[in-house]
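Here the structure is a predicted model, which means the values were calculated and not measured. Residue numbers start from 1 in every chain, and the chains themselves are labelled A, B, ... in the order their sequence lines are given, proteins ahead of strands.
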Protein chains: 2
Amino acid sequence: MTGQTRLSWTDVRDEIQARILDRTYAPGDKLPRDNDLALGLGCARTTVHRAMQDLARIGLVERKRKGGTHVRADPVTRATFDIPITRREVEQRGSTYDYRLISSAVEPMPESVLLRFGSSEPGEALHVKAVHLSDSKPYIFEDRWIDITTTPDILQVDLAGSSANEWLVRNKPYSKLDVRFFAVNAKGENAEHLSVAAGEALLVIERTTWIGSAPITTVRSVTAPGYQLSAQN
Amino acid sequence: MTGQTRLSWTDVRDEIQARILDRTYAPGDKLPRDNDLALGLGCARTTVHRAMQDLARIGLVERKRKGGTHVRADPVTRATFDIPITRREVEQRGSTYDYRLISSAVEPMPESVLLRFGSSEPGEALHVKAVHLSDSKPYIFEDRWIDITTTPDILQVDLAGSSANEWLVRNKPYSKLDVRFFAVNAKGENAEHLSVAAGEALLVIERTTWIGSAPITTVRSVTAPGYQLSAQN
DNA sequence: GAGTGGTCTAGACCACAAT
DNA sequence: TTGTGGTCTAGACCACTCA
């Protein structure tokens, strides 16, 4: 009696991944059919299927009906990151969080915002500017637009006490998200609100969310010097 | 006869997500047990389970044995991005790709590299500097270290003809990845190799990969001005 | 101890794509 | 037409965690 335990789908995934890593199945190769792998490993096809799903999700293999499963020849580097609520991010580091509303007003959306929303219908939106502080030092300057058609409730919210993001995140789940990163030189209000010298390199995180195809909000978060974003697989 | 088709797990996922979006289940609420949802929707529990897995994956709900499923009160913004091989990235935009090796030599790893590898054992590694060009203009300057213990083959590779990344990606799958983004001001060799004025804000992507706990490579890619990285959910 | 999610299995049928 | 992945189902049992 060998006290064999049953294979879980993560075991199967790890086993197949190991075979890819040691080049039993090399990049570009075709893997055996799920059924055959299941037979070889001594588990149900469903289990192999679940494992393959995960390998496909992380971009290591590619599956096609009838075509079978192939090890990707040009694997992409794929990673996932979380953007936490700024308050939590700061507090989890043990720092003191603070927040200052700079301005909040309903204004016509400029072209750049319509572009980000991918919408061609001009209209008005709530334009909010605010600064997040960590240990009393400027941490993130955010310039946000909130669509008042999809999110009229935002007009009743007191944005002086807590950030629009906190309210949105708790009250307005989105169904689609787009995030962009890039670097800018500090200048004008960015430099001013972050209290940095003009010219400093700053990381910008631009996020836009929709519910269905209707825009909710778009925000440009300009981070203080030294800010890093990290991601893992 | 109402010609009912069967529910797929994506249907179930979308239905539950819709209920969360319309606040039938509000943030913090406990959802019914998988079994009850299955009964209500008229499908197998497995199907509900698969749907829930996906909602948990994107961070919309949290599941605990015995504790049940809850709508996350503080959903995190979670997104996935792909970092393609630079050659493909450039060519897919219809631009001409070019690559220039600057230097390649085995050197002792500096402290900063050991830190990134999370390893305390000093040693030597292949240090490679190169520039990727798009339409003959500098696009990315990369400063890379490759562990010659885990990847001795790299020493036989002709790095003048194509980038180390292309070889690595095809020949050295990794099991663990860490990525960081930040902004720096152009300076010294960064400015020189990217042909930009000192002070320009540049986006840096720092990637480190391991196989098991053994380091493979770490690379700092300094991108040309205007470079953007994007991600979706 | 008991409730809830996590997983496995075996079989069935569907859907897409290559032949 | 046919082969392969995609999914559903029903039932069973496991494993975590709360009371």
Side-chain angles (χ1 to χ4, degrees), chain A residues 1-20 24-25 27-73 75, chain B residues 1-20 24-25 27-73 75:
Chain A
M1 304 297 154
T2 56
Q4 278 285 10
T5 58
R6 240 191 258 173
L7 288 173
S8 77
W9 70 266
T10 51
D11 295 335
V12 173
R13 178 197 59 194
D14 294 347
E15 170 59 25
I16 296 169
Q17 178 163 11
R19 291 185 189 176
I20 293 173
T24 301
Y25 308 130
D29 283 4
K30 179 172 184 169
L31 279 77
R33 305 198 311 262
D34 288 5
N35 240 325
D36 292 345
L37 278 169
L39 274 168
L41 294 164
C43 66
R45 177 166 78 98
T46 320
T47 307
V48 172
H49 176 75
R50 185 70 186 80
M52 287 296 198
Q53 286 281 313
D54 210 49
L55 294 174
R57 187 184 59 77
I58 65 174
L60 198 58
V61 302
E62 229 169 7
R63 319 194 78 200
K64 259 196 304 206
R65 283 158 149 133
K66 169 78 179 182
T69 305
H70 291 259
V71 181
R72 283 186 72 135
Chain B
M1 304 296 155
T2 55
Q4 279 285 11
T5 59
R6 241 192 259 175
L7 288 173
S8 77
W9 69 266
T10 51
D11 294 335
V12 172
R13 178 197 59 194
D14 294 347
E15 169 61 22
I16 296 170
Q17 179 162 10
R19 291 185 189 176
I20 293 172
T24 300
Y25 309 129
D29 282 4
K30 178 173 187 170
L31 278 76
R33 307 196 311 262
D34 289 5
N35 239 325
D36 292 345
L37 279 169
L39 274 168
L41 294 164
C43 65
R45 177 165 80 97
T46 321
T47 307
V48 172
H49 176 75
R50 185 70 186 78
M52 287 296 198
Q53 286 281 312
D54 211 51
L55 294 175
R57 187 186 58 79
I58 63 174
L60 197 58
V61 303
E62 227 169 8
R63 318 194 79 202
K64 260 196 304 205
R65 284 159 148 132
K66 167 79 177 182
T69 305
H70 287 82
V71 181
R72 282 185 75 134

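- One can place CG of B:Asn35 at 13 Å from C1' of D:dA12, the figure rounded to the nearest angstrom.
- The CG-P distance, from B:Leu37 to C:dG6, rounds to 13 Å in whole Å.
- Atom CG in B:Asp34 sits about 14 Å away from atom P in D:dT9, given to the nearest Å.
- Atom CZ of A:Arg33 is separated from atom P of D:dT4 by 4 Å (rounded to the nearest Å).
- The closest donor-acceptor contact from the side chain of B:Asp11 to the backbone of B:Ser8 lies under 3.5 Å.
- Residues B:Ser8 and A:Gly68 each lie close to DNA chain D; by heavy-atom proximity, the contact nearer the 5' end of the strand is made by A:Gly68.
- A donor and an acceptor atom never sit less than 3.5 Å apart when one is taken from the side chain of B:Arg45 and the other from the base of D:dG11.
- To the nearest angstrom, P of D:dC18 lies 11 Å from NZ of B:Lys30.
- Taking all atoms of both residues into account, the shortest heavy-atom contact from A:Met52 to A:Val61 is O-CG2, 4.2 Å.
- Look at A:Lys64 and you'll find a side-chain N or O under 4.0 angstrom from OP1 or OP2 of C:dA18.
- Each of B:Leu31 and A:Thr46 was matched to the nucleotide of DNA chain C holding its nearest heavy atom; the match closer to the 5' end belongs to B:Leu31.
- With contacts defined as side-chain heavy-atom distances shorter than 4.5 Å, the pair A:Arg19/A:Asp29 does not qualify.
- Atoms CD (B:Gln53) and C1' (C:dC8) sit 14 Å apart, rounded to a whole Å.
- Contact annotation for B:Arg50: no contact, since no heavy-atom pair falls under 4.0 Å across all strands.
- In this structure, B:Thr47 reaches the D:dT9 phosphate: one of its side-chain N or O atoms is under 4.0 Å from OP1 or OP2.
- Side-chain atoms of B:Ile20 and B:Ile16, non-hydrogen and from C-beta on, do get closer than 4.5 Å to each other.
- Overall, the helix from C:dG1-D:dC18 to C:dA18-D:dT1 carries an axis bend of 20° between its ends, with five pairs at each end and the value rounded to 10°.
- What you find for A:His70 and A:Gly28 is that their closest heavy atoms are ND1-O, 3.5 Å.
- Pairing each heavy atom of B:Gly68 with each of B:Lys30, the nearest pair is CA-CE, 4.3 Å.
- For C:dA15, neither phosphate oxygen OP1 nor OP2 lies less than 4.0 angstrom from any side-chain nitrogen or oxygen of A:Arg65.
- At the phosphate of D:dG6, OP1 or OP2 sits under 4.0 Å from a side-chain N or O atom of A:His49.
- Residues B:Trp9 and B:Cys43 form no side-chain contact, since every pair of their non-hydrogen atoms from C-beta on lies 4.5 Å or further apart.
- The side chain of B:Lys66 approaches D:dC18 more closely than any other nucleotide in the set C:dA10, D:dT2, D:dC18.
- Across the protein-nucleic acid pair, B:His70 atom NE2 and D:dC18 atom P stand 11 Å apart, rounded to whole Å.
- Look at B:Thr69 and you won't find any side-chain N or O under 4.0 angstrom from OP1 or OP2 of C:dT4.
- A salt bridge is defined here as a Lys NZ or Arg NE, NH1 or NH2 lying under 4.0 Å from an Asp or Glu carboxylate O, and B:Asp34 with B:Arg63 meets this definition.
- Summarising the geometry, the separation between CG on A:Leu41 and C1' on C:dT7 is reported as 16 Å, rounded to the nearest angstrom.
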